[in-house]
Amino acid sequence: MATDVHRPVSTQAVHVEGLTRSFDGRAVIDDLRLDVRPGEFVALLGRSGCGKSTLLRILAGLDREIEGTVLVPRRKAVAFQAPRLMPWKRVWRNVLLGLPGRPGRDVAEQALKEVGLDHRTDAWPKTLSGGEAQRASLARALVREPDLLLLDEPFGALDALTRIKAQRLVAELWQRRGCAVLLVTHDVEEAVLLADRVLVMDGGVIAHERRVDLDRPRDITDPRFAELRAELLHRLGVDAAAEAA
Ligand SMILES: Nc1ncnc2c1ncn2[C@@H]1O[C@H](COP(=O)(O)OP(=O)(O)OP(=O)(O)O)[C@@H](O)[C@H]1O
Ligand SMILES: [Mg+2]
């Protein structure tokens, strides 16, 4: 009963219209509309359980039990919070996993170099740190040369310092590659730091959106940064004063 169309679009990297996804008769996504421009960096916020991962899985083509229109580029890649590496394959083989054709080790090495992990090309996944596993997962997304990169809380499990490094890496990769990015995050600061536009999902739709017109690299001490952060926290139902207490 899926009425979606997955095909490349030239004017938008993502075009979603009238999207509905129900589980057991309950619409988690309910007549949602979303457009993302080619090369645009969009962050998606929303309380736990509001349907962010469900939306991402639909855009990735992993869930087709939907109603509505979903137009996405053919070349897309997704990285999840848990890096999902196959423990019985070395890092470089994990990077190439599922790629069409018979890409050589050099393709994996190039991507690992881009994420600063070429020294672990032959490592087993269980010997990687959390940040390294996350970078391997990013390399796996990059070898797909995506026009759309979907990231579901990719930094959620990282310690503060590793997280800052990973955020910088994603910002760098995005600027170099020029692909559209949709980043799901719980972290309002991360959203304002990285995105051109921040969306807040609620009630099965994009309930609020905010353009971030701050120069890059962004300065979190800029008062406009704090203003945006407070506004978004408010939209998420978090009282900034209470949060600071
Ligand atoms: N396969 C499924 N079967 C039944 N219900 C599901 C399924 N997948 C998701 N849901 C429900 O849909 C709702 C949205 O889930 P989703 O994982 O998209 O939330 P989320 O916004 O990503 O939350 P979080 O921030 O906690 O990751 C939840 O209530 C969840 O229980
Ligand atoms: Mg989720």
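All values derive from a computational prediction rather than experimental measurement. When a ligand or atom number is given, it counts from 1 through the structure's own listing order.
- Nearest-heavy-atom check against atom 17 (O) of ligand 1 across Ser53, Ser22, Gly156, Gly204 picks out Ser53.
- When side chains are defined from C-beta on, Val192 counts as touching Leu232, because their heavy atoms get closer than 4.5 Å.
- Ionic pairing of Asp35 and Arg33 is present here: one or more N-O contacts between side-chain nitrogen and carboxylate oxygen are shorter than 4.0 angstrom.
- From the protein, the heavy atom lying nearest to atom 25 (O) of ligand 1 is Lys52 NZ, 2.7 Å.
- No more than 12 heavy atoms of other residues, nucleotides or ligands sit less than 6.0 Å from atom CZ of Arg168.
- Distance check, rounded to the nearest 0.5 Å: CZ of Arg211 to CZ of Arg197 gives 6.0 Å.
- Both Val212 and Leu233 are assigned to one and the same hydrophobic cluster, defined by single-linkage of ILVMFWY side chains at heavy-atom distances under 4.5 Å.
- Within 6.0 Å of atom CG in Asp122, more than 12 heavy atoms from other residues, nucleotides or ligands are found, so the atom counts as buried in its surroundings.
- Asp187 has a carboxylate O that lies under 4.0 Å from a charged side-chain N of Arg163, or vice versa, which qualifies the two as a salt bridge.
- Backbone and side-chain nitrogen or oxygen atoms of Phe23 are examined, and none is located within less than 3.5 angstrom of a nitrogen or oxygen of ligand 1.
- Side chain of Trp174 to backbone of Cys179: a donor-acceptor contact under 3.5 angstrom is found.
- Residue contacts with ligand 1, taken as heavy atom pairs separated by less than 4.0 Å, involve Glu153 solely via side-chain atoms from C-beta onward.
- In terms of protein heavy-atom proximity, atom 15 (O) of ligand 1 is closest to Thr54 OG1, 3.7 Å.
- Inclusion of Arg26 in the set of residues having an N or O under 3.5 Å from an N or O of ligand 1 is warranted.
- Within the protein, the number of N, O or S atoms lying under 2.8 Å from the Mg ion (ligand 2) is 1.
- At least one cation-pi condition fails for Arg26 and Phe23: the charged atom is not both under 6.0 angstrom from the six-membered ring centre and inside a 45 degree cone around its axis.
- Residue contacts with ligand 1 include Gly49, since one of its heavy atoms falls under 4.0 Å from the ligand.
- Salt bridge status for Lys76 with Glu145: absent, with no side-chain N to carboxylate O gap under 4.0 Å.
- Counting heavy atoms under 4.0 Å from ligand 1, residue Val28 touches it through the side chain alone.
- Taking NZ of Lys52 as the start and CD of Glu153 as the end, the distance is 6.0 Å to the nearest 0.5 Å.
- Protein heavy atom nearest atom 26 (O) of ligand 1, with residue, atom name and distance: Ser48 OG, 2.5 Å.
- Ligand-side atoms of ligand 1 in range of His186: 25 (O), range being under 4.0 angstrom from any heavy atom.
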